[in-house]
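The block underneath contains the structure these notes are about, expressed in structure tokens.
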Amino acid sequence: MSYIIKGETGDWEVVIGLEVHAQVISKSKLFSGASAEFGASPNEHVSFIDAGMPGMLPVINERCVEQAVRTGLGLKAKINQRSVFARKNYFYADMPQGYQISQYDQPIVGEGTLILDMPDGATRAIGIERLHLEQDAGKSVHDLSPTKTMIDLNRSGVPLMEIVSKPDLRSPEEAGLYLKKLRSILRYLGTCDGNMEEGSMRCDANVSVRPVGSTDLRTRCEIKNVNSVRFVMMAIEHEAMRHVDVYESGGKIDQETRLYDSNKNETRTMRSKEMAHDYRYFPDPDLLPLEFDDAFVAKIKSTLPELPDDKKARFISAYGLSAYDAGVLVAEQDNALYFEEVANGRDAKLANNWVTSNLFGVLNARNVPITESPVSAKNLGRLLDLIADNTLSTRLAKEAFEIMVETGKDADTVVTERGMKQITDTGAIDAAIDQIIAANADKVEQYRAGKVQLIGWFTGQVMKATQGQAAPALCQELLKKKLEV
Amino acid sequence: MSLDKATIRRVATLARIEVPDAELEATATKLSGILSWIAQLSEVNTDDVLPMSGGTDLKLPWRADVINDGGIVDKVLANAPEAQDGFFSVPKVVE
Amino acid sequence: MTNLTSFTIADARDKLAKKEFTALELTNAHIAAMEKAKALNAFITPTPDIARARAKESDARLQAGKAGALEGIPLGIKDLFCTEGVQTTAASHILEGFVPQYESTVSQKLRDAGSVMLGKLNLDEFAMGSSNQTSYFGPVKSPWKAKSLADDLVPGGSSGGSAAAVSGYLAMGATGTDTGGSIRQPAAFCGIVGVKPTYGRCSRWGVVAFASSLDQAGPMTRTVRDAAIMLKVMCGHDAKDSTSALLPVPDFEAALGKGVKGLRIGIPKEYRPDGLNGEVAALWDKGIQWMKDAGATIVDISLPHTSSALPTYYIVAPAEASSNLARYDGVRYGQRVEGKSLDEMYGKTRAAGFGTEVKRRILIGTYVLSAGYYDAYYLKAQKVRALIAKDFTDAFEKVDAILTPTAPTAAFGLNDKQDDPVAMYLNDVFTVPASLAGIPGASVPAGLNSDGLPLGLQVLTKRWDEETLFRVCQVIEDAAQFPFLKVPA
Ligand SMILES: [Mg+2]
Ligand SMILES: [Zn+2]
């Protein structure tokens, strides 16, 4: 899946690296005991520490350390048992201390890997450069007053993991897949809820282009804080085009920070970041190095769930699913769990079809997660059993499923209440066939003269006569017997 | 070690301290004096020495993940030069 | 009747217990002394009403037999400690009017022990200085006068208000903070005892930060015993400070009187540079003799990186300060100077809010951390700091304590023009190395020079060994027959 920008002077390739800020799932903030919850009234979730009051000091939240290590393990990354918190110094109205506590040259997690699942079923490994812990800044609200910016520090000090990829991504689509896969892994791990709308996952995209065949990296621009997968893809596409245009018209790209405007679908220079930055990182003297031992890591490792890649491999080998189907099922842990409950002891491919087409269709239409599915995995499984033992035809099963969705009743109840049992009694079907043959001598003649496709019409008539409850296969078998005498 | 006016201006901007043009020269002279004095450190042999960044060799303590702070908007805003509807306020920032 | 302000903390503690006078009487005597000595400018914010209210509470607890370790003892609090409901300025215009909604751990501990806060003491702005001349609220005058000089003298700094208040009998004790000598040097200048404990002993929570890896609170008192009593209350583990030691607090007072017999006392040759003031050198020799007389063994030692300590300090401390003081931006508290843009507001606020020396150090600190200079200055300084700390570690293999002068000179005149910052920085030449190493140090008044001014001797021990520190200090105090302070009539 190669993504090439056709320019006037030749073909261009895009080089992308992503920095994702993922809010750590924790009750309290990274360095204070104030709540990290989203959506409180202004400055409600703020301690004196978060407000940068004189003499206030940070104390690390152990849960955040665990979550970072857990995420590192999930990304098959190097865990650094000694890391250092550093101050990143710059002034901004929503940065109360005048510095952000982050990690610089000694992060808690080093290099790792993330596997992209390409639409054609292939996979591609993307390098993870590092993961570090840092504080979020507060929020500047610009539209409440014509002359003032309002500052809400609720997010000040909220724990973030910054996850930095290597510049391994080569198309907007790959960037999108990367983000979805990362979000999937974080959710499996329970370390970030991945909610981009509420800002608990935000993305900075570093974009550059180069002529196809070239291996050196050209100047990149950083597009800050894009808040949906779709916008990240659009922003990258737009930015890559801009670079090509600039190069082809003889210009040069300045390394800068840009903002993506989704309304206009364009990127522009961030005025507030115009001034040359010099963050003057140095180890935070209020915090000693962060250290833990093998046992700490081993304990976290022992609680890791089966992650999407492993689960996908198992679904392929154990259930005989295609890579694509397995990929769809494992993207969300709850979907995979649901599927396994349905598939357990049953025809896995049939289970996959029912879950991914019938059930997902209903869930999408209702816009509810699988955990709130109107049909439980147990009930769907039972429905498949009724198909397997010939109680229901596929058609009847679909009807029953719709009723189950509407009423929430289980399959057996629906079948009994609606008398939906498939007729497998040869006598009853034979009787219906005899009636139809007797009443349609012309059609029988045509059939016998070679118009065998009329079998469909006859089958339909039998189904009609039996209120759709005749077993279709049996029905055809008996019809053929009588018509071909 | 001598600092020029441009360097002083750059450093002052980084530190967000307005230095009037008339004071740049004198500031440069004073700071240059201090810097050339501290530059003597370059003569100390520090090969293979690990930097000492904190004042102690204790272990970093960890805090339990409990909510035991916050919910003190009035106290947080008590000293604000300017506040409104629970927010601090500052001159308009243009993004 | 003896003036109530003349007692030591230890005496007052006993007399309050015996009901010879009340806490309120004791407090009122100090408030009266503060009124009389207003010209010293020792206090930025006196709090007589709070003091009387707390003294009354103390009397109630004394009456009920529920006295704390410092019940009813009137103390001054350096205006670097945040005090709930009481203006805290760090002697800076930028914090003028700032009223913390929280109490620093150390001042809370002192309060919990029953002590009475008389007010907030003057200091060098953000504790940056060695003479208390950089305070936005004006310099502090030492209660001492030189025979040869009509001018007022500096009390030293940065805890100059603390030193002046204690030596002038305005407070029985005071909190100080020491980053490079800010407890020990003013203690020496004012003829009192000042103890900087091991880094990590006293919580830094709620203390306005100057240089986080160096700042340490400690007591300033008129006697070694009083310092021991006060320090025991001030220190102890604080979960709110990640650099606070989770170690039991020894009973420092119990260590007093054990003498120094059998102890090995190190004399570092690097502390006797060419041109060391003759009277300072002579007093040091006297101190060495006192140690010998008391049964200690004198060991000549070397702390080879001593001469690098000051330049190291003047990289590390300003670097940390440049970051620590970034929060004073006019957004959430303190003074604000309006501007058309946010950056203009920052630039004007900080230009107007900070004094010359503070600005100078912020600029130096910003410079040494900036791109391209970090390795040459900051990283280099951290490495030299490690060497300085190792000097002490090596020395304490051979000795139990180290004895040096506290400061290279006695106090100087308030109007002495100190135009060269580097010359001013040299005041801390003997105190800074211990700060960089994080080890405890104390200054004990040991004698007067020919101009009638006090000189101090400094005692250093290894980390967490304040007990040995107090033992040595006590021997010096006994031998020196201090105080020479003018006891008020
Ligand atoms: Mg970024
Ligand atoms: Zn970040």
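Please read these numbers as outputs of a predicted model, since none were measured by experiment. Residue numbering restarts at 1 for every chain, and letters A, B, ... go by the order of the sequence lines.
In this structure, chain B has heavy atoms under 4.5 Å from both the backbone and the side chain of A:Ser35. Residue A:Phe31 touches chain B through its backbone alone, counting heavy-atom pairs closer than 4.5 Å. Proximity to chain B is limited to the backbone of A:Pro289, based on heavy atoms less than 4.5 angstrom apart. Contact of A:Ser26 with chain B is made through backbone and side chain together, with heavy-atom distances under 4.5 Å. Using a 4.5 Å cut-off between heavy atoms, A:Ser145 contacts chain B through its backbone alone, with no side-chain atom that close. Neither the backbone nor the side chain of B:Ala83 comes within less than 4.5 Å of any heavy atom in chain A. Proximity to chain A involves both the backbone and the side chain of B:Leu58, based on heavy atoms less than 4.5 angstrom apart. For chain B, the nearby part of A:Val65 is the side chain; its heavy atoms alone come within less than 4.5 Å.
The local environment of NZ in A:Lys139 is sparse, with at most 12 non-hydrogen atoms from other residues, nucleotides or ligands closer than 6.0 Å. By the 6.0 Å contact criterion, OH on A:Tyr281 is enclosed, its count of non-hydrogen atoms from other residues, nucleotides or ligands being greater than 12. More than 12 heavy atoms of other residues, nucleotides or ligands sit less than 6.0 Å from atom CD of A:Gln106.
Minimum interatomic distance between B:Val93 and A:Thr149 (heavy atoms only, all atoms of both residues): N-OG1, 2.7 Å. Smallest separation of non-hydrogen atoms from B:Gly86 and A:Pro42: O-CB, 3.7 Å.
Here B:Asp74 contributes atom CG and A:Asn43 contributes atom CG; the two are 10.5 Å apart, rounded to the nearest 0.5 Å. Rounding to the nearest 0.5 Å places NZ of B:Lys92 at 7.0 Å from CG of A:Asp143. Note that the CD atom of A:Gln67 and the CG atom of B:Asp65 stand 8.5 Å from one another [nearest 0.5 Å]. Atom CG of B:Asp85 and atom CG of A:Leu144 lie 7.5 Å apart (nearest 0.5 Å). Once rounded to the nearest 0.5 Å, the distance linking CG of A:Asp152 with CZ of B:Phe87 reads 5.5 Å. A distance of 11.0 Å separates CG in B:Leu60 from CZ in A:Arg82, rounded to the nearest 0.5 Å.
Side chains of A:Arg280 and B:Leu14 form a contact here, defined as non-hydrogen atoms less than 4.5 Å apart. Within the 4.5 Å cutoff, no side-chain heavy atoms of B:Trp62 are placed close to those of A:Val59. Side chains of A:Met150 and B:Val90 form no contact here, defined as non-hydrogen atoms less than 4.5 Å apart.
Taking chain A as the reference chain and counting heavy-atom pairs below 4.5 Å, the highest number among B:Thr56, B:Asp57, B:Ile67, B:Leu77 is found for B:Ile67. Across A:Arg63, A:Glu37, A:Met53, the residue that shares the most heavy-atom pairs under 4.5 angstrom with chain B is A:Arg63.
A:Ser47 places no side-chain N or O within 3.5 Å of a backbone atom of B:Asp69 that could act as its donor or acceptor partner.
Using a 4.0 Å cut-off between charged nitrogen and carboxylate oxygen, B:Arg63 and A:Glu62 do not count as a salt-bridge pair.
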